[in-house]
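These notes are about the structure you will find just below.
Since this is a predicted model, take the numbers as computed values, not measurements.
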Amino acid sequence: MAEVAAKERKILVAVDESEESTYALSWCIENIITGNSTDTLILLYSIPPRAVYSSLDGSGYLFSSDILASMERYSNEVAQCIMEKAKRACKDLVGVKVETIVEHGDARDVICQAAEKLHVDMLVMGSHGYGVIKRAFLGSVSNHCAQNVRCPVLIVKKPKN
């Protein structure tokens, strides 16, 4: 009998600077990616929108373009560090294509839009494990994504030590 070729899957993993995100990526690599995989692993980071400031700081001085450019540079450096760390976690994968995407915007929207636009087979993300009160104020990115994307969503919870 002829061997059936394994379907090439596109797996989107949302990454950020948290331990929960790092754990979710590691868990995905260990449990979802198979030995002779031809999957594509897409690492996605969303640079949060800059807080809206008036053009005046608290002392009445205008923010200079240098300060704004410095803030933008810092955000891009953080994104680059996060993506380098995520790519290092994937360095031993054989046959798996690893792609990286960095977008600007609210993580909820960026992740949902990327999942739809890229027609991924699965979305993997960590859970920050916020309590009821924090979740009420901050919202749950993973819950929002689970409710709004069409593909299966795997929310990986980091075990408590």
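Note that the NZ atom of Lys91 and the CD1 atom of Ile29 stand 9.5 Å from one another [nearest 0.5 Å]. Once rounded to the nearest 0.5 Å, the distance linking NZ of Lys97 with CD1 of Ile42 reads 8.5 Å. A distance of 8.0 Å separates CG of Leu123 from SG of Cys112, quoted to the nearest 0.5 Å. Rounded to the nearest 0.5 Å, atoms SG (Cys28) and CD1 (Ile33) are 5.0 Å apart. The structure places CE of Met71 at 12.5 Å from CG of Asn76, a figure rounded to the nearest 0.5 Å. A distance of 10.5 Å separates CG of Leu12 from CD of Glu99, quoted to the nearest 0.5 Å.
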**OP:** Take Val120 and Ile11, measure what side-chain contact (heavy atoms from CB on, under 4.5 Å) needs, and give me the verdict at the end.
**Re:** CA-CA 6 Å; Val120 297; Ile11 302 168; over 6 Å; no
**OP:** List the steps and the verdict of side-chain contact (heavy atoms from CB on, under 4.5 Å) for Cys90 and Leu43.
**Re:** CA-CA 10 Å; Cys90 302; Leu43 307 172; 4.2 Å; yes
**OP:** Apply side-chain contact (heavy atoms from CB on, under 4.5 Å) to Val110 and Asp106, showing your working.
**Re:** CA-CA 6 Å; Val110 168; Asp106 183 278; 5.9 Å; no
Original post:
Please walk me through it: do Met125 and Cys145 pass side-chain contact (heavy atoms from CB on, under 4.5 Å)?
Top reply: CA-CA 9 Å; Met125 55 195 319; Cys145 293; 3.9 Å; yes
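Around NZ of Lys10, the count of heavy atoms belonging to other residues, nucleotides or ligands within 6.0 Å exceeds 12. Atom CD of Glu84 sits in a crowded spot, with more than 12 heavy atoms from other residues, nucleotides or ligands closer than 6.0 Å.
Closest approach of Met83 to Thr100, counting heavy atoms only: CE-CB, 3.3 Å. Of all heavy-atom pairs spanning Glu116 and Asn148, the tightest one is OE2-O, 4.3 Å. Between Val15 and Tyr45, the shortest heavy-atom distance links the atoms O-CD1, 3.1 Å. Residues Ala86 and Leu25 share a closest heavy-atom pair of O-CD2, 3.7 Å. Scanning both residues, Glu103 and Leu44, for their nearest heavy atoms gives CG-CD1, 4.2 Å. Contact record, Lys157 with Ser127: CG-CB, 3.9 Å, taken as the closest heavy-atom pair.
Residues forming a salt bridge (Lys or Arg N to Asp or Glu O under 4.0 Å) with Glu77 (at least two apart in sequence, or on another chain): none.
Test Val156, Val153, Ile155 against Ser142 for side-chain contact (heavy atoms from CB on, under 4.5 Å) and you get one pass: Ile155.
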